[in-house]
Amino acid sequence: MSEMQLAFTNTAGITSVMSFWVFAASNGFKNRKDLLIRIGSIALLLAFASLTAAIITRGIDAQRFPLANLYESLLWFAWATMGGYLIIARAYGVPQLGWLASLTALLMFLYGSWLPQSQHDIQPLVPALVSYWRWIHVPPLLISYALFFLGGLSGFIQLYKAGRIQSLSASVVTVALALLAVVLGTFTEVDTAWLQILFAGGSLLGMVISFKLLQRIDQTKVDIKASETFDDISYRCIAIGMPALTFGIITGGLWANHAWGTYWSWDPKESMALVTWLSYAAYIHLRVHRECSAEKLALVSIVGLLLTLMTYLGFNSLGLGGLHSYGKFK
Amino acid sequence: MKTSVKNVLASVKLTIFLMSLTALTVLIGAWCPQESASGKEKVVEQFGPETAKLLSQLGITDIYHSPFFLSLIAMLTLNMIFCSFMRVFPRVKLLRKPLPFLAGKDIGKLPVNTSVVLAKDDKSALAAVALKLASKGFKVSTSEEKLLAEYGKYGRLAATVTHIGLLTLLVGVTITSWTGFSGFQPVLLNSHLDFHESEHSKLWIGKLPEWTVRVDATHREDHPTGEPKQWFSKLTVINKDGKELKTQEISVNNPLTYDGVDIYQSSWGLDHILLNFNGNERRLDLRPMGKLYAAFLPLDQGTMMLFSVRSDGTPIKVFAKRPDWEGPRMLTELSQAKPAKLGPVTISLVRTMPVTGLQYKCDPGLPITYIAFALIIVGVMMAAIPHRHVWVCLETARPQADANGSASNEITAVRETANAAGQKVLYFGGRSVKAKVGFERMIKELERQIIAEFGAPGANLETADSKVETTPALETHVVVDSDLHKSASASKTKSKKEQVLAGKATGAGNTENVQGDS
């Protein structure tokens, strides 16, 4: 890693930490709210700019498109999350999402920085990845993952603004458990079978409880207008993430056909991407037919977030292999 | 009865149910190693023999070929066909139907609406709105003092295009699975590839080719480090009478295509060496050992000869190993040109036999599948386009606009300020199926611009102020809220809420500016 690249990456990390705290503080200090939001936005913008520079310098250092292993994909994911948030903030003016977006980027940074040195080092490509399809197939997928995350996070805020505090708490715990499973699977030697149970069982149970708790409404917290706004944001994120995911899956098929002579081989990661695709297809159908309340749709978007997490990080860390094990390092 | 079955098959509830069930099935398939991909051994290795047997009995180890999964896909297809033909495709016709122009009264009932009292009877206000909408990508049509603008009309075709794409995909996949075949065969130099051991579905109406492929030459190219760089095979297509039809050298990513069959270079190796020991030929099979290939020849109890070769054409190293030696000792090197003499035995290399791994497939549905891919991508992209309508109408103001008619909307709440009877009023409003918040902001921005350019002085003052001025912080809303509460009756609670919401919405507008500046 060159010094310049390291400097950019560190700046991005530090500024995203800063923007997270400033955004979080802005919820506490009512009379300084606007100023704090402004500072937080500037910090996040700075983080986004330095991350862009970090990715570019990494590409120059490596003399290749810098998206070849888990660490690099995390940088891209954080980049897309920040970029997505900045666009949303411009279009909707919703600082409430800011601290969640910077928290997500931050967690990805932390996760990435804990990875072993071999992931940080620039290493030659495995022969399977030497193809121009790599930069056609992978970035749209990471962008779709980031958008689905933002969609799910907007779902959280929608629940909060709709006064579904208990349901929100249950779903936050669910996502936290899933993240815990991923982190344990990546950094410890815990038996993956238990982690699979933790992830799948926790998600299933947590989401069922969240759905059941939707009936409990805290009227004092209800803010209809804001809940409608976040409902709209969630839908926008998913409506734009969906074409990106579709494009990524299909170009993956074209690459596979080019390299292996078959466009679909039911590889676990392919299958997971299909599951995610189906879940968001279901979301869109529910949305279009207006058969669901905004709160239920918010929970569906959180289910989608869990599946996205499973597809993106859960896969290698929870011990399901296949052709897409480039992120594996254990 | 007949219609009810039809309705169930075309119901979105069924779609959601089938999609969820399919997702769950695929999820299980992703979790459990599949026999068709990783082999039975992998399942046993992961779960132990007993669980593996149970999983196999349940059909989970080959879930994508199980009757359950196939019937699920069939149901989903049926559901999609019914939905498409009963609801999705007919909607395309609606697109051609022109929408009516609306009068002020009807515009007031739209989800988002507002009105501006104009300074004078000025048709140029309408023209200005038309221009502004056109610059935002709206298709504008006008009729006297009325205007209708539409955006993202083709976004409505998203579902149609995606569904046609998915159905096309199924056609492509079905054609391939009923008429196509595929397989892998390691072929020795100068031997033939034929297609008798092809894999194809049980329901198969295809035909295997009668021609075969002869491997005329095959070699490996290495990086300086010894890693393989590329594999090459020179292939000749031969018909059953022995006539040569086509010759081509293939390599990885550079297949041979003949008669709809693609032949890929998929792997490469050395199969055996032929050695001559004092005039007796002996074949020794090679095994890959890291970057090398090795053959073993046991001589007596514990003594063994080892032959190691790196590639065809490179010399063979000969080692011997005895139990009392620490490691194998190298005895000599031999190549085709240079036989070696070991005591009384002369060993010469007759040849090193390479084997080329050829992957082949015949995928007659592929062009259709590719068209389907394109349609699906275009379809889902179109789904992100919001479909929007704006209606505008220039009218002489009625004494009291019917604010009751328009349901909960913040813009309605802050308008109708001046009693503008007799003056010209520009009514405008619209609807957006997706991205509603952005649409509301666009309408508000439009309102602000119209007021600034054409508004009657005084008449829109309050409205304009509530939009343009910096919005106070959250506390102010609470004040407004409680002030209204004092005076308002219970029935007015709704409009009170709207007031607050309107203030908040413009507050959000300010934040955007802040961030835009930063």
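All chains are named by letter (A, B, ...) in the order of the sequence lines, taking the proteins before the strands, and each is independently numbered beginning at 1. Predicted model, so just to flag it, every value in this text is computed and none were measured. FYI, side chains are in, hydrogens and waters are out, and symmetry mates aren't considered; it's all heavy atoms of this structure.
- In this structure, chain A has heavy atoms under 4.5 Å from both the backbone and the side chain of B/Phe373.
- For the atom pair OG1 (A/Thr246) and CD1 (B/Ile376), the distance works out to 8.0 Å, reported to the nearest 0.5 Å.
- Nearest heavy atoms, B/Ala384 versus A/Ile240: CB-CG1, 4.3 Å.
- Of all non-hydrogen atoms in A/Arg90 and B/Arg441, the two that sit nearest each other are O-NH2, 4.5 Å.
- Looking at A/Asp231, there are no atoms closer than 4.5 Å to chain B (heavy atoms on both sides), in backbone or side chain.
- Rounding to the nearest 0.5 angstrom, the gap separating the CD1 atom in B/Ile16 from the SG atom in A/Cys292 is 7.5 Å.
- Options A/Ala244, A/Ala281, A/Gly253, A/Ser271 differ in how many heavy-atom pairs under 4.5 Å they form with chain B, and the most are formed by A/Ser271.
- Shown here for A/Asp232 and B/Val437, the closest heavy-atom pair between the two residues is OD2-N, 3.0 Å.
- In this structure, chain B has heavy atoms under 4.5 Å from both the backbone and the side chain of A/Phe247.
- The list of side chain to side chain donor-acceptor pair (under 3.5 Å) pairs with a residue in residues 374-384 of chain B, not counting sequence neighbours, is empty.
- The ring-ring contact (aromatic ring centres under 6.0 Å, His included) test applied to A/Trp266 returns A/Trp264, B/Tyr64, B/Phe69, not counting sequence neighbours.
- Interface remark: of the candidates B/Val378, B/Thr22, B/Asp262, B/Ile377, B/Ile377 forms the most heavy-atom pairs closer than 4.5 Å to chain A.
- Side-chain contact between B/Pro386 and A/Arg236 is present, with heavy atoms from C-beta onward closer than 4.5 Å.
- Using a 4.5 Å cut-off between heavy atoms, B/Tyr370 contacts chain A through its side chain alone, with no backbone atom that close.
- When heavy atoms are compared at a cutoff of 4.5 Å, B/Gln34 does not approach chain A at all.
- For a residue to count as touching a neighbouring chain, one of its non-hydrogen atoms must lie under 4.5 Å from one of that chain's; by this rule B/Ile385 does not touch chain A.
- With rounding to the nearest 0.5 angstrom, the CG atom of B/Leu24 is 12.0 Å from the OG atom of A/Ser279.
- In this structure, the portions of A/Thr229 lying under 4.5 Å from any heavy atom of chain B include both its backbone and its side chain.
- For chain A, the nearby part of B/Lys361 is the side chain; its heavy atoms alone come within less than 4.5 Å.
- For chain A, the nearby parts of B/Leu27 are the backbone and the side chain; heavy atoms of each come within less than 4.5 Å.
- Annotation: the span from B/Lys13 atom NZ to A/His285 atom NE2 amounts to 15.0 Å, rounded to 0.5 Å.
- Only the side chain of B/Thr15 comes within less than 4.5 Å of a heavy atom in chain A; its backbone stays farther off.
- Considering only heavy atoms from C-beta on, B/Arg87 comes within 4.5 Å of A/His289 through its side chain.
- Of the listed residues (A/Thr251, A/Ile249, A/Leu254), the one with the most heavy-atom contacts under 4.5 Å to chain B is A/Leu254.
- Rounded to the nearest 0.5 angstrom, A/Arg287 CZ and B/Lys434 NZ are separated by 11.0 Å.
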Assess whether side chain to side chain contact (heavy atoms under 4.5 Å, CB included) is satisfied between A/Asn257 and B/Leu366, documenting all intermediate values.
CA-CA 10 Å; A/Asn257 194 43; B/Leu366 195 67; 3.6 Å; yes
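- Proximity to chain B (any heavy atom under 4.5 Å) is restricted, for A/Tyr263, to the side chain, taken from C-beta onward.
- Of the two parts of A/Ile233, neither the backbone nor the side chain holds a non-hydrogen atom closer than 4.5 Å to a non-hydrogen atom of chain B.
- In this structure, NE2 in A/His258 is found 8.5 Å from OH in B/Tyr264, a value given to the nearest 0.5 Å.
- Heavy atoms closer than 4.5 Å to chain A are found in the side chain of B/Thr369, but not in its backbone.
- Your options are A/Leu278, A/Leu274, A/Ile250, A/Ile284, and the one with the most heavy-atom pairs under 4.5 Å with chain B is A/Ile250.
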